[in-house]
Amino acid sequence: MNKQEETWEKLDSEFDHHLVDMKPYVLKQNKTERQRCALWIKKLCDPGVSGSGLMGRKNRNMYARLLLHMLRRGVLEGPFSHKPESGSLKTLPTYMSIYFDEPLCGRGLEQSTAGLPDWVTGELGQGDDS
């Protein structure tokens with residue numbers, strides 16, 4: 001395995017850990033916020049939208065880390081206060097990095113949900129008007 005593949009694998013593993021850590025916090029949200037989180041997670045899990053290269057993976061992980069941080073705080077702010085926009089994932093604004101200064105505590109439907117955790121898929125299936 002070359003160095004680039006190792007870096008990608010490390011970033012993918014970090015992302016997977018963020019997803020696992022998010023689950024209990026997402027499930028504690030009200031239905032509307034759970035569904036919004038599920039849409040964000042779906043977008044972050046799609047390499048065609050979030051980017052499959054090094055910078056795309058880093059940006060995806062920053063969004064995931066920020067979402068996890070906000071879920072732990074119990075407040076969804078910034079980009080997560082609304083549904084994700086269609087199209088590719090925008091670069092996370094640098095001012096959002098202030099959140100990382102705080103400690104982290106406390107296609108067809110079948111194709112579009114492939115690779116998503118089942119608890120996310122369940123929320124996407126319950127959509128009201130999304």
Side-chain angles (χ1 to χ4, degrees):
M1 185 181 320
N2 67 36
K3 184 137 178 86
Q4 182 181 35
E5 289 171 338
E6 286 179 22
T7 303
W8 287 2
E9 222 173 83
K10 181 181 177 205
L11 289 169
D12 290 345
S13 176
E14 179 182 291
F15 178 68
D16 290 343
H17 281 94
H18 289 327
L19 287 179
V20 169
D21 291 347
M22 279 182 212
K23 181 178 179 177
Y25 298 100
V26 172
L27 296 177
K28 288 180 187 174
Q29 302 297 313
N30 65 45
K31 183 177 180 179
T32 303
E33 289 182 341
R34 279 195 320 265
Q35 290 174 343
R36 190 174 347 122
C37 287
L39 289 170
W40 270 104
I41 292 167
K42 178 182 176 185
K43 183 172 184 114
L44 295 175
C45 286
D46 184 351
V49 173
S50 62
S52 58
L54 178 65
M55 293 312 293
R57 282 176 163 92
K58 284 184 175 183
N59 191 46
R60 172 203 65 192
N61 286 13
M62 292 292 284
Y63 272 93
R65 184 174 167 208
L66 182 60
L67 179 56
L68 174 60
H69 184 81
M70 290 186 177
L71 285 166
R72 285 180 170 167
R73 289 178 58 226
V75 180
L76 294 175
E77 299 174 324
F80 309 114
S81 61
H82 49 81
K83 293 177 184 175
E85 298 174 7
S86 59
S88 62
L89 191 63
K90 292 186 168 89
T91 303
L92 194 63
T94 53
Y95 70 84
M96 297 301 286
S97 67
I98 62 165
Y99 289 97
F100 300 128
D101 294 337
E102 300 173 8
L104 270 181
C105 49
R107 314 25 108 202
L109 181 61
E110 197 173 286
Q111 287 179 330
S112 67
T113 60
L116 293 176
D118 56 352
W119 56 272
V120 172
T121 307
E123 289 302 325
L124 291 171
Q126 299 175 13
D128 296 327
D129 61 350
S130 58

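With rounding to the nearest 0.5 Å, the separation of CG in Asp46 from OG in Ser88 is 10.5 Å. Considering CG of Leu44 and NZ of Lys42, their distance stands at 12.5 Å, rounded to 0.5 Å. Taken to the nearest 0.5 Å, the CH2 atom of Trp40 stands 6.5 Å off from the CG atom of Leu89. Expressed to the nearest 0.5 Å, how far CZ of Arg65 lies from CE of Met96 amounts to 12.5 Å. Remark: Met55 CE to Met62 CE distance equals 10.0 Å, nearest 0.5 Å. Atom CG in Leu71 sits 14.0 Å away from atom NZ in Lys23 (nearest 0.5 Å).
Between Phe80 and Tyr63, the ring-plane angle classifies as perpendicular under the 30° and 60° cut-offs.
Considering all non-hydrogen atoms of both residues, Leu54 and Trp8 come closest at N-NE1, 3.5 Å. Nearest heavy-atom pair across Leu92 and Asn59 is N-OD1, 2.9 Å. Ala64 and Met22 make their closest contact through O-CE, 3.3 Å (heavy atoms, listed as atom of the first residue, atom of the second, distance). Taking all atoms of both residues into account, the shortest heavy-atom contact from Arg36 to Lys83 is CD-N, 3.7 Å.
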**Request:** Apply side chain to side chain contact (heavy atoms under 4.5 Å, CB included) to Leu67 and Val26, showing your working.
**Result:** CA-CA 10 Å; Leu67 179 56; Val26 172; 5.9 Å; no
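Not one N or O on the side chain of Lys58 forms a donor-acceptor pair closer than 3.5 Å with the backbone of Gly53. A donor-acceptor pair under 3.5 Å is formed between the side chain of Thr7 and the backbone N or O of Lys3. Judged purely by atom type and a 3.5 angstrom limit, Lys43 uses its side chain to pair as donor or acceptor with the backbone of Glu85.
The number of heavy atoms from other shown groups lying within 6.0 Å of CD (Glu77) is above 12. Environment of CD in Glu6: crowded, with over 12 heavy atoms of neighbouring residues, nucleotides or ligands closer than 6.0 Å. Shown here is His82, whose NE2 atom has more than 12 heavy atoms of other residues, nucleotides or ligands within 6.0 Å.
Cluster membership for Val49 and Leu11, using ILVMFWY side-chain heavy atoms within less than 4.5 angstrom, is not shared. Val75 and Tyr95 sit in two unconnected hydrophobic clusters of ILVMFWY residues. Membership requires side-chain heavy atoms under 4.5 Å apart, directly or through other members.
With respect to Asp12 and Arg60, a salt bridge is recorded, a charged nitrogen being found less than 4.0 Å from a carboxylate O.
Side-chain contact between Pro79 and Lys90: absent, with no pair of heavy atoms (C-beta onward) separated by less than 4.5 Å.
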